[in-house]
**Q** 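Before I ask anything, here is the structure I am working with.
All residue numbers refer to positions in the sequence shown, counting from 1. Given the structure is predicted, the values throughout are model-derived calculations rather than measurements.
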Amino acid sequence: MPFAPGEFHLHVLARLGHVTASLDRIVNVAAPLQTLPASPARVDTAVPSKPDTNFTLNPGDMIDAFIKASTGARVTASFDGGITRVQLVETRAPGASPSEKERILGDASAGADLVGGLYEGELRIPATPGTLSVEYMVTAPDGSVAKATARGIITVEPPGWLKVGHIVLADRSKDIDARPYGIVESEPDGGWLFYPPERTPFEITGSAGDYYRVALGANQQGWIDKKSIEFDAPGTPRPRASVQGVVVEDGERAGTVIVHLSGRVPYWVSESVDTPGLRIRLFGAAAGGDFVRYGADRGNVAEVRWDQLGGGVAILEIKLRQHTMWGYHAQWDGNDLKLVVKKPPRFKPAPASALDGLIVAIDPGHSPDSGSIGPLGTQERDVNLAIAERLATHLESLGARAVLTRTANVPVGLYDRTDLAAHVGADILISVHNNALPDGVDPFTHHGFSVYYYQPQSLALARAIHDAYRRDTQLPDYGLYYDNLALTRPTEELAVLTESAFIMWPPEEMDLRDPAFQDKLAATIADGVNRFASAMRALE
């Protein structure tokens, strides 16, 4: 249903033969932001001023100031109405601002007239410990004045304040979807940077709302949800370490890089940009070890290089002999950081199938929840399972070993699924889903198939499956996406998520109820996986 700003009265009527039922709802759609007139001075209380949450900060830190008020005014901000006032700058922004999902999934864009009266600036935290509030004064051209105080309270810690904590994880016996790792974010409720394992230590330098600010070396910071941090005893020294040497070991299925450290520090493993390889960033570490032992030097690790960046960040670059990435995993072993890098599968030469001998974990999405539900009551979890079982059959006919994360509608935790894939040594993980749309996106024009990946090593697989949908089906192409999902996040194997069709769109729901169509989708995914494996065999 299309909506515009205002109040809408919906009357929904269902009729079956001579029986009818009705439902009434009132929907209020907020009007877009408007520019307040220049006079008299006013503060728009419908838009929260900043800070709108509580902070704990250090002397010298900066905090954002923001308020919406009358256009063309002189607006200043100060702590507790003090004499030191900072003049803010007026900016303008579009009155209509779609959500991230509306922009990406529905092709919506910011629009309407530009709204003025948005005042922004920064305040520096003073050296005096205590609590502070940010107060605003708006002076209009006619001389009228309006004042406001931001809701958030700032606690200023004394110089030298230090707290150290470590990552703790939720009890998975009480929450089947509890994560097996922490999350470091770019800002509170922001982008996810990396995923520290349990007991990784962090220096805590401040807080904002439900997040702690943590140091990543001297020049960078991240944010961690407070529920994931447990404080160490007062006086615990901040995480610091020296790199004491590196040992490379070769195994049958993987190579292992062991980084000997004098203590645990936060680390971030990411894939190299130009060539198959990995980079380890060690925060609060000094790369003092000039010693790398390669052993027999017959494995997949070709070279390890180290470098020291400013701000106490040590870098280890790991160059691989293999041409393709097939998974990796890092974990603590005492104070040693062990990075296991999987070798490519042992492909059998043509004319044998490239999938012969590969292990493919197949995850039928959802359960215990139903997932999306179609207009006819079709539950996504049922369709996902039907397609997944057929996908297993097609892959096994090509020589692969298929392992399903569930074979019935039983409760399976998100991370139990990824754990199973790692436990069986899967080369590939495919999570099978079907789609629905959030409010704000028009299903008449947005439906069809889509494929999702997150780790760079999985992009080629995602593209191969996406190409198979385009080649083998008549469904509309809804796109290939980079998306941070629980089932695309693993690094232990290549991992993608498929959305074959839209269960909320009646024509596609009808197709999804057809066993022949379910088999067609399974064959399509298998075709993409097989072509990907063939291409990787040629590269290796």
**Q** Would you say Glu203's side chain and Ala215's backbone share a donor-acceptor pair under 3.5 angstrom?
**A**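 No; judged by distance alone, with no hydrogens or angles, the pair does not exist.
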**Q** Kindly assign one of parallel, tilted or perpendicular to the pair Tyr481 and Tyr452, based on the angle between their ring planes and the thresholds 30° and 60°.
**A**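 It falls in the parallel class, under 30°.
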**Q** May I ask you to decide if the ring planes of His447 and Trp505 are parallel, tilted or perpendicular, using 30° and 60° as cut-offs?
**A**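 Judged by the thresholds at 30° and 60°, the geometry between His447 and Trp505 is parallel.
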**Q** Using only atom types and a distance under 3.5 Å, with no angle test, would you say the side chain of Asp427 pairs donor to acceptor with the backbone of Ile359?
**A**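 Judged by distance alone, yes, a pair lies under 3.5 Å.
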**Q** For Glu271 and Gln457, indicate whether the former's side chain and the latter's backbone hold a donor-acceptor pair under 3.5 Å.
**A**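 Present.
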**Q** Going through the checks in order, is the side-chain contact (heavy atoms from CB on, under 4.5 Å) test met by Val243 and Trp306?
**A** CA-CA 10 Å; Val243 181; Trp306 69 269; over 6 Å; no
**Q** Could you walk me through whether Trp268 and Phe194 pass ring pair (Phe, Tyr, Trp, His ring centres under 6.0 Å), step by step?
**A** CA-CA 6 Å; Trp268 180 356; Phe194 62 98; 5.1 Å; yes
**Q** Donor-acceptor pair, Asp483 side chain versus Leu485 backbone, under 3.5 Å?
**A**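 Not a single qualifying donor-acceptor pair exists.
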**Q** Begin with the C-alpha distance, continue with both residues' side-chain angles, and end with the deciding distance and a verdict on ring pair (Phe, Tyr, Trp, His ring centres under 6.0 Å) for Tyr482 and Tyr454.
**A** CA-CA 5 Å; Tyr482 166 90; Tyr454 182 62; 5.2 Å; yes
**Q** Hey, are Asp363 and Arg417 close enough for a salt bridge, meaning a charged N less than 4.0 Å from a carboxylate O?
**A**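 Salt bridge present between Asp363 and Arg417.
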**Q** I'd like to know whether Ser367 forms a side-chain contact (heavy atoms from CB on, under 4.5 Å) with Asn409, so could you lay out the CA-CA distance, the side-chain angles of the two residues, the decisive distance to 0.1 Å, and finally the verdict.
**A** CA-CA 6 Å; Ser367 186; Asn409 285 338; 4.2 Å; yes
**Q** Kindly determine whether Tyr211 and Asp189 satisfy side-chain contact (heavy atoms from CB on, under 4.5 Å), including the steps that lead there.
**A** CA-CA 8 Å; Tyr211 285 83; Asp189 200 24; 4.0 Å; yes
**Q** On the 0 to 90° scale, with breaks at 30° and 60°, tag the Trp192-Tyr195 ring pair as parallel, tilted or perpendicular.
**A**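 Perpendicular, since the angle between the ring planes exceeds 60°.
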**Q** Has Lys343 got a side-chain atom pairing as donor or acceptor with Gly251's backbone, closer than 3.5 angstrom?
**A**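 Present.
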**Q** Checking Arg489 against Thr418: is there a side-chain donor and acceptor pair closer than 3.5 Å?
**A**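 Short answer, no.
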**Q** Taking the side chain as everything from C-beta on, heavy atoms only, tell me whether Pro443 gets closer than 4.5 Å to Phe502.
**A**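 Result no, sub-4.5 Å side-chain heavy-atom pair not found.
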**Q** Apply side-chain hydrogen bond (donor to acceptor under 3.5 Å, both in side chains) to the pair Thr205 and Arg213, showing each step before the final yes or no.
**A** CA-CA 6 Å; Thr205 62; Arg213 186 178 65 184; 2.8 Å; yes
**Q** So does Lys227 pair up with Asp225, basic N to acidic O under 4.0 Å?
**A**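 Salt bridge between Lys227 and Asp225, a charged N being under 4.0 Å from a carboxylate O: yes.
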